[in-house]
Amino acid sequence: MSDAGYDHATVERRWQEAWDEADAYRTSDDVEEPTYVLGMYPYPSGKLHMGHVRNYTITDAYARYRRMTGDEVLHPMGWDAFGLPAENAAKERDTNPRDWTFDCIDTMRDQMDAMGFGYDWDREIATCTPEYYQWNQWLFSRFREEGLVERRDAEVNWCPHCETVLADEQVEGEAELCWRCDTPVEQRELEQWFLQITEYADELLEAIDDLEGWPNSVRQMQRNWIGRQYGTELEFDIDGHGSVEAFTTRVDTIHGATFFALAPDHPISEAVAEEDEDVRRFIDHEADPDGDEPNGVATGLTATNPVTGDEIPVYVADFVLSDVGTGALMAVPGHDDRDHAFAQKKDLEIVPVIAPEPDEGDEPEAPDVSEEAFTDDGVLINSGDYSGLDSETARERLTEDIDTAEEATQYQLRDWGISRQRYWGTPIPIVHCHDGCGAVSVPEEELPVELPEFINTTGNPLDAAEEWQETTCPECGGDATRETDTMDTFVDSSWYFLRYVSPDLEDAPFDRERTNDWMPVDQYVGGIEHAVMHLLYSRFFTKVLADHEELEHREPFTNLLAQGMVQLEGEKMSKSKGNVVSPQRIVEEYGADTARLFMMQAAQPERDFDWSEEGVRSTNAYLTRLKEMVEEYVAEEPDGDDDAVASYVAAEIDATIALASEEYDDLTFNRALREAQDLTRTLRQYADYTAPHAETYERGLSAVVRLLAPVTPHLAEELWDELGNDDLVVDAPWPTADIDADHVTKRRRLVENTREDIRDIVDVAGIEDPQAIDVVVAPDWKYDALEIAIESDAPNLIGELMQESHIREQGDAAADYGQDLQAEREALSMTLGPDEEYDALEAAAWLIEREFEAPVTVVRAADADESALKNAEPGRPAIEIED
RNA sequence: GCGAGGGUAGCCAAGCGGUCAACGGCGGCGGACUCAAGAUCCGCUCCCGUAGGGGUUCGUGGGUUCGAUUCCCUCCCCUCGCACCA
């Protein structure tokens with residue numbers, strides 16, 4: 001009967017309806033400072049996968065937990081609804097992206113409801129609606145007003161056959177072919193719109209230090225991505241081409257610069273190529289910036305070292321990248337690995353100019369750089385007046401002394417190109433005036449610029465929407481053409497968390513006052529794949545809005561959890577591998593609660609874990625058993641006494657609540673759930689052993705149900721109801737316990753150690769059938785002695801103990817115990833008191849009786865034999881077994 | 001190469017200065033229940049031990065400490081991110 005499971009479908013449907021009716025997840029606009037729990041909104045592909053289920057179960061469980069502890073909670077959901085897959089799907093199915101997207105949204109919303117996720121659907125947003133994307137446009141215009149938007153040429157992937165720009169992921173394979181027509185993709189310069197995120201590079205970098213609620217990995221990835229580097233910019237003269245700017249972080253090595261290198265697409269390289277066949281051939285055919293080998297060609301030109309006046313050869317080399325630094329560099333093979341490799345290949349001079357820091361009083365000694373560069377900082381040698389300086393000082397002095405040099409900071413972060421030549425995105429609200437006004441922002445009152453009807457065409461459908469393009473210039477009233485680029489969908493997601501606060505607001509993207517109350521997001525949960533882009537762009541938007549729209553927060557997400565993957569046999573689930581487990585199937589077969597519980601107990605949220613059908617089955621069996629326990633209890637209320645056993649169970653209930661609550665706070669659901677399941681086992685053992693005390697037993701069941709409620713909301717409602725509660729468990733108060741975790745831990749350890757010791761004795765002594773077991777608590781004076789031993793720092797502990805008359809009276813026993821304490825002095829820690837130990841053991845005696853099938857007597861020291869007391873210590877009662 | 005996170009008993013996985021031979025789960029073994037199987041429940045699961053003892057363990061080799069799975073260093077291996085970054 002157990003393996004049949006319970007009727008989850010009925011239970012789930014019943015409570016989903018009840019929540020609907022009660023509007024259980026609605027967050028009123030009036031609440032102040034709700035706890036904002038958010039999962040990264042999904043792209044509406046039409047199918048919820050395991051990753052989604054895990055992501056949203058985490059936020060749902062946390063939101064429910066916080067709600068039960070009495071918080072107001074904001075837990076909304078929406079749709080990252082623009083994007084290329086909709087265009088492709090529309091073409092395949094001969095429909096349009098809009099209809100397809102909304103179909104998918106409807107399906108996915110149903111799937112989410114079926115999972116029991118408690119969202120405030122009144123706050124739902126879909127980024128593809130004009131009501132939403134008009135604010136993308138508004139924000140674009142605001143950014144432009146603040147000088148944070150730029151239009152300039154940029155290189156893009158271009159398919160000449162489809163006549164469209166391709167995203168990097170649409171370029172396939174080494175050969176770089178168009179994914180749709182297999183035409184080789186070209187690079188093309190196109191005018192593109194950029195948001196100037198680099199204006200905020202320093203703050204985005206420095207504020208990472210304060211994001212203490214974020215995982216280190218994500219913080220580090222953002223730091224790397226921004227990639228700030230301090231160095232020096234200086235000029236080298238190249239005969240016939242004037243001065244060239246180079247960037248270096250190691251200007252201290254300038255005396256060792258033995259050649260100069262230019263990127264293949266540097267203007268001077270181009271100029272040289274005009275005249276020089278070899279250089280031409282190198283640039284056009286041989287340069288391989290992706291290869292491991294540094295390749296290059298001599299130009300025959302020389303550059304003048306601004307410090308030494310030396311003439312050094314100039315190369316065009318493919319390891320020099322035009323978008324790093326200035327696209328030109330001074331090469332110091334003695335102290336840079338890559339320059340070294342190139343110098344060896346081209347047989348160029350390698351001069352050491354930095355020596356390792358010598359020992360005190362010794363002269364610096366040149367390192368051997370013939371085989372390998374010495375890349376550490378050190379002391380300058382062979383550097384004229386600068387010899388003897390340390391690297392850092394030398395960098396400062398040289399930057400000061402060289403006429404053309406100045407300190408410079410380089411970033412790896414580039415401005416954010418948001419132009420996409422595609423249909424299903426936010427139209428960039430710009431018109432191009434034919435009469436010389438240039439690119440003009442569409443005025444606020446004319447927003448949104450709505451998308452025209454979808455046209456099925458190979459290129460950008462907006463280019464084909466000729467009527468839509470025709471407009472007039474807002475400035476001069478003359479003829480104008482609409483911008484046909486749409487925005488990167490990361491724009492949509494850079495501020496959607498603000499829109500949930502006031503999703504229907506018609507005159508602003510967000511309600512300022514309420515947003516200032518409600519933001520930031522307290523707990524954000526999503527996949528690690530968004531570690532850089534989405535999370536960095538959101539931080540950028542938040543900072544811009546703080547500077548220009550009176551947002552009072554400079555960071556959007558206080559705590560971030562990057563959830564791990566759901567795997568199958570150690571491999572990521574993916575359609576191509578064909579190892580996908582469908583959440584829909586699991587829900588049908590076992591129910592949403594089982595799926596949720598299995599996932600949450602399988603591993604910590606941030607770790608990967610393996611999906612296991614076995615685990616799912618046993619989780620389902622657990623829920624079925626729990627349901628039976630509640631039903632049996634309700635059917636016939638037991639009439640047991642409030643005895644020692646009941647007090648043991650009562651203490652375990654408190655312990656479980658105390659520990660599980662801490663785990664919920666930390667989002668370590670796996671451990672919280674383990675506690676709840678352990679308590680379930682204790683309750684079952686209790687009921688098996690004796691007729692339970694009804695009040696205690698019910699308190700235990702009630703606690704288990706509520707501890708599970710965040711993760712298994714449907715069954716929890718069902719059982720809560722069966723236990724006779726009128727309210728919904730979503731609104732029920734979180735169970736409380738008046739004990740501290742330390743006390744709980746000590747008590748559990750005492751009981752566990754005692755049971756363990758008895759087992760050892762029975763086993764080692766070969767006792768077949770114990771007749772009676774006495775458990776003797778240590779005498780009071782030993783507890784006093786222990787306390788003194790912990791607190792005292794006197795060298796002779798025994799002497800210290802003997803100053804207490806009631807200990808001294810114990811004679812040899814005191815000396816023996818004192819010796820033991822002395823030996824373990826540093827490791828001692830306080831146990832429970834003698835009365836507490838007695839109570840704990842008395843309460844746990846039934847467990848021992850049950851296990852060994854022998855009567856157990858817990859004995860106070862005062863009532864015990866002298867001989868038994870000898871072995872009794874605080875935390876470790878003496879054990880006497882009669883066989 | 002740089003950076004981040006890891007390496008714990010047959011497997012998965014907690015612990016992160018003493019209470020640790022090390023939670024929990026799976027698998028395996030034994031027992032209860034059953035005609036039997038399944039499910040469920042109770043134990044055991046590094047080695048040696050006839051009263052709670054001893055020995056050897058937490059990737060490797062060192063170090064700090066009265067004491068290290070826990071802190072520091074070296075090296076090896078895994079996973080992720082960045083990478084001809086000047």
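On a predicted model such as this, the values are computed, not experimentally measured, just so you know. In what follows, chains are A, B, ... by sequence order, proteins preceding strands, each numbered from 1.
Separation of the C1' atoms belonging to B/A13 and B/C2 is 31 Å when rounded to the nearest angstrom. Separating the C1' atom of B/G17 from that of B/C11 is a span of 29 Å, rounded to the nearest Å. When the P atom is used for both B/C78 and B/C12, the distance is 16 Å, rounded to whole Å. A distance of about 15 Å separates the P atoms of B/A68 and B/G61, rounded to the whole Å. Separation of the P atoms belonging to B/G81 and B/G67 is 43 Å when rounded to the nearest angstrom. Of the C1' atoms belonging to B/C58 and B/G6, the separation is 14 Å, rounded to the nearest Å. B/C47 and B/U56 have their C1' atoms separated by 8 Å, given to the nearest Å. The C1' atoms of B/G52 and B/A4 are separated by 46 Å, rounded to the nearest whole Å.
You'll find that the side chain of A/Ile761 is closest to B/A51, out of B/G43, B/A51, B/C84. Of the candidate nucleotides B/C44, B/G52, B/A86, B/G52 has the atom lying nearest to any side-chain atom of A/Asn871. Taking every side-chain heavy atom of A/Ala621 into account, B/U40 is the closest of B/G52, B/U40, B/A86. Listed candidates were B/C84, B/G43, B/C85. Nearest to the side chain of A/Asp318 is B/C84.
Crowding of A/Gln344 atom CD: a count of heavy atoms from other residues, nucleotides or ligands under 6.0 Å exceeding 12. In A/Trp214, the CH2 atom is crowded: over 12 heavy atoms of neighbouring residues, nucleotides or ligands sit closer than 6.0 Å.
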For RNA chain B, the dot-bracket notation using Watson-Crick and G-U wobble pairs below 3.5 Å, [ ] for pseudoknot-type crossings and | for other-strand pairs, is ((((((((.[[[..)..(.....]]]((((((.......))))))(((....)))...[.[[[..)....]]].])))))))....
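For the 3.5 Å distance criterion, the side chains of A/Glu652 and A/Thr682 fail to qualify, holding no donor opposite an acceptor. Judged by distance alone, the side chains of A/Thr680 and A/Tyr622 do bring a donor and an acceptor atom under 3.5 Å apart.
A/Asp288 comes within 4.0 angstrom of a base, heavy atoms only. Counting any heavy atom pair closer than 4.0 Å across all strands shown, A/Ala878 reaches a base atom. Residue A/Gln220 is in sugar-phosphate contact alone, with no base atom involved, counting any heavy-atom pair closer than 4.0 Å across all strands shown. Using a 4.0 Å heavy-atom criterion, one finds that A/Arg755 contacts the sugar-phosphate atoms exclusively. Here A/Ile758 lies out of heavy-atom contact (under 4.0 Å) with every strand. The residue A/Pro770 sits apart from the nucleic acid: no heavy atom pair falls under 4.0 Å. Counting any heavy atom pair closer than 4.0 Å across all strands shown, A/Val762 reaches no nucleic acid atom.
Ionic pairing of A/Arg223 and A/Asp209 is present here: one or more N-O contacts between side-chain nitrogen and carboxylate oxygen are shorter than 4.0 angstrom. Ion pairing between a basic and an acidic side chain is recognised when a charged N comes within 4.0 Å of a carboxylate O; A/Arg748 and A/Glu675 show such pairing.
Of the side-chain N and O atoms in A/Arg228, none sit less than 4.0 angstrom from OP1 or OP2 of B/C85. For A/Arg223, no side-chain nitrogen or oxygen approaches OP1 or OP2 of B/G81 to under 4.0 Å. The side chain of A/Arg671 contributes no N or O atom lying less than 4.0 Å from OP1 or OP2 of B/A14. A close approach under 4.0 Å does not occur between any side-chain nitrogen or oxygen of A/Asn224 and OP1 or OP2 of B/A83. Taking only side-chain nitrogens and oxygens, A/Gln604 comes nearer than 4.0 Å to OP1 or OP2 of B/A14. Contact annotation: A/Gln410 does not reach the phosphate of B/C85 (side-chain N/O to OP1 or OP2, under 4.0 Å). Listed pair A/Arg607 / B/G6 fails the phosphate criterion, with no side-chain N or O lying under 4.0 Å from OP1 or OP2.
Look at CE on A/Met221: it is 16 Å from P on B/U79, rounded to the nearest Å. Summarising the geometry, the separation between CZ on A/Arg850 and C1' on B/A32 is reported as 12 Å, rounded to the nearest angstrom. Between the P atom of B/C84 and the CZ atom of A/Phe342 lies a distance of 17 Å, rounded to the nearest Å. Rounding to whole angstrom units, CD of residue A/Gln222 and P of B/A4 are separated by 16 Å. Here B/C2 presents its C1' atom at 11 Å from CD of A/Gln412, a figure rounded to the nearest Å. In this structure, the OH atom of A/Tyr6 is 20 Å from the P atom of B/A39, given to the nearest Å. Regarding A/Leu659, its CG atom lies at a distance of 17 Å from the P atom of B/C23, rounded to whole Å. Taking atom CD1 on A/Ile879 and atom P on B/G52, their separation rounds to 11 Å, with Å as the unit.
Residues of residues 674-684 of chain A having a heavy atom closer than 4.0 Å to RNA chain B, listed by number: A/Arg674, A/Arg681, A/Arg684.
Atom CG of A/Asp336 and atom CE of A/Met330 lie 9.5 Å apart (nearest 0.5 Å). Rounded to the nearest 0.5 Å, atoms CD (A/Glu392) and CG (A/Asp252) are 9.5 Å apart. Between the CG atom in A/Asp757 and the CZ atom in A/Arg755 there is a gap of 12.5 Å [rounded to 0.5 Å].
Aromatic pair A/Tyr664/A/Phe669: ring centres closer than 6.0 Å.
Aromatic ring pairs are classed by plane angle as parallel below 30°, tilted from 30° to 60° and perpendicular above 60°; the pair A/Trp846 and A/Tyr689 is tilted.
Counting heavy atoms from C-beta on, the side chains of A/Arg338 and A/Leu329 come closer than 4.5 Å.
The minimum heavy-atom distance between A/Asp820 and A/Glu873, with the atom names listed, is OD2-OE2, 3.9 Å.
Looking at which nucleotide of RNA chain B each of A/Ser217 and A/Ala263 is closest to, the 5′-most match is held by A/Ser217. When each of A/Asn216 and A/Asp757 is assigned the nucleotide of RNA chain B with its nearest heavy atom, A/Asn216 is the one assigned upstream, toward the 5' end.
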